[in-house]
Amino acid sequence: MDIRSQLGVYQQTVDSFLNQCIDKDSIDPPLQEAMLYSLFNGGKRVRPALIYIVNKMLGGTLEQANSSAAAIECIHSYSLVHDDLPAMDDDDLRRGKPTCHIAYDEPTAILVGDALQCLAFELIANDTNLNADTRIHLIKMLSKASGHQGMVVGQAFDLRNVGKPLTLEQLEAMHQHKTGALLKCAVLMGAVVSGNVTDEQLEHLELYAEAIGLAFQVQDDILDIEGDASVIGKPQGSDLEKDKPTYPALLGLEGAKLKLQQLHEQAIAALKSFGESADELKALADFIVQRDH
Ligand code: GRG
């Protein structure tokens with residue numbers, strides 16, 4: 001299976017849905033332009049892909065998954081726009097292009113993030129393909145994963161600990177919240193929108209999601225050291241320069257690679273009971289540990 005071309009298909013699917021959902025008659029065209037700039041600038045769409053793949057594996061239709069896929073990408077894009085701000089990570093480049101506050105300005109970037117976050121929940125709330133209970137369930141999941149019990153607290157902990165030595169446990173807890181919570185949420189939202197998942201399947205999917213969530217981060221840390229700046233779309237060594245705690249810093253580069261391999265094995269093992277129907281999820285786990293950007 002060529003997961004890269006399959007990711008391209010999911011990317012087009014979620015992009016065309018997102019395009020339809022942005023109000024083109026805004027009274028402030030510059031805000032709308034900056035939202036589109038931040039949403040459509042070459043993201044891999046891994047989180048929407050997870051939703052589409054799990055939903056399909058469990059027998060759901062595309063229509064059931066579109067709003068969740070678009071919503072989670074809105075949350076992800078908002079988090080990147082805010083993360084790049086001078087008050088946070090202060091980055092000028094994202095996906096190889098000027099970050100939102102550089103291309104526009106800081107107030108616009110703050111508002112783009114705010115608007116994308118609201119849009120995420122609006123998309124699910126308005127989705128008439130899903131019954132009201134499912135919409136509420138999805139909104140609860142996404143708000144928990146992205147808010148003070150998920151991504152936001154992970155980010156707060158990260159910012160507060162720059163330059164401080166962290167234990168492996170603390171580093172892991174930080175990433176489980178900062179990046180892992182949203183990736184896990186994508187897998188579980190895919191299961192919920194399918195309307196056809198057992199508790200046992202949910203448990204296995206949760207284990208898979210936890211393993212790929214951490215693997216995603218370990219690979220991100222490795223790419224910061226070994227990646228090609230023109231491919232990763234940001235300067236190499238930026239974690240080191242900012243004195244960020246990373247897996248290679250704690251485990252050494254070889255130790256981080258071993259950790260990545262173990263997490264990959266855990267992810268694949270968690271899918272055993274799904275048999276061949278989980279081939280695409282397995283291919284996505286391969287992609288996450290092998291990705292070059
Ligand atoms: C501002 C509340 C708030 C949170 C920001 C996710 C995050 C929290 C910050 C991003 C920092 C970062 C670069 C983390 C490494 C892992 C990560 C999320 C990488 C970017 O995700 P990809 O690779 O990005 O899915 P693309 O560009 O493909 O969408």
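In what follows, every heavy atom counts, from backbone to side chain, and hydrogens, waters and symmetry copies are set aside. Treat the numbers as computed from the prediction; the structure is a model and nothing was measured. Order of listing sets the numbers, starting from 1, for every ligand and every atom in it. Residue numbers run from 1 in the order of the sequence given.
At least one N or O atom of Arg95 sits closer than 3.5 Å to an N or O atom of ligand 1. In terms of polar-atom proximity, defined here as any N/O pair under 3.5 Å, Lys44 does make such a contact with ligand 1. Between His76 and ligand 1, at least one pair of N/O atoms sits closer than 3.5 Å. In terms of N/O distances under 3.5 Å, ligand 1 is not approached by Arg94.
Close contacts of ligand 1 with Gly43, meaning ligand atoms under 4.0 Å from a residue heavy atom, involve 26 (P), 27 (O), 28 (O), 29 (O). Which parts of ligand 1 touch Ser79 is read off a 4.0 Å heavy-atom cut-off, strictly below it: atoms 1 (C), 4 (C), 5 (C), 6 (C). Near Tyr78, meaning under 4.0 Å from one of its heavy atoms, ligand 1 places the atoms 2 (C). Each of the following atoms of ligand 1 lies closer than 4.0 Å to a heavy atom of Thr179: 16 (C), 17 (C), 18 (C). Within ligand 1, the atoms closer than 4.0 Å to a non-hydrogen atom of His82 are 1 (C), numbered from 1 in the order shown. With ligand atoms numbered from 1 in the order given, ligand 1 contributes 16 (C), 17 (C), 19 (C), 21 (O), 22 (P), 23 (O), 25 (O) to contacts under 4.0 Å with heavy atoms of Phe216. Contact atoms of ligand 1 toward Val152: 2 (C) (distance under 4.0 Å to a heavy atom of the residue).
A salt bridge links Lys244 with Asp158: at least one charged nitrogen is closer than 4.0 Å to a carboxylate oxygen.
Pairs of residues two or more places apart, or lying in two chains, that qualify as salt bridge (Lys or Arg N to Asp or Glu O under 4.0 Å) and include a residue from residues 203-218 are Lys184-Glu206, Lys184-Glu210.
Of the possible polar contacts, none joining the Asp83 side chain to the Met88 backbone as a donor-acceptor pair under 3.5 Å is found. Glu73 places no side-chain N or O within 3.5 Å of a backbone atom of Ala70 that could act as its donor or acceptor partner. A distance-only check finds a donor-acceptor pair linking the side chain of Ser194 to the backbone of Ala191 [under 3.5 Å].
In this structure Tyr247 satisfies the ring-ring contact (aromatic ring centres under 6.0 Å, His included) test together with His175, sequence neighbours excluded.
In this structure, the ring of His82 has its center less than 6.0 angstrom from the ring center of Tyr78.
Looking at Leu271 and Leu207, their side chains never come closer than 4.5 Å, going by heavy atoms from C-beta outward.
Heavy atoms of Asp220 approach ligand 1 to within less than 4.0 angstrom.
With a 4.0 Å heavy-atom cut-off, ligand 1 is reached by the backbone of Asp83 and by its side chain too. Contacts between Leu80 and ligand 1, counted as non-hydrogen atom pairs separated by less than 4.0 Å, involve the side chain only.
Judged by the 6.0 Å distance and 45° axis criteria, Arg47 is positioned over the aromatic ring of Phe216.
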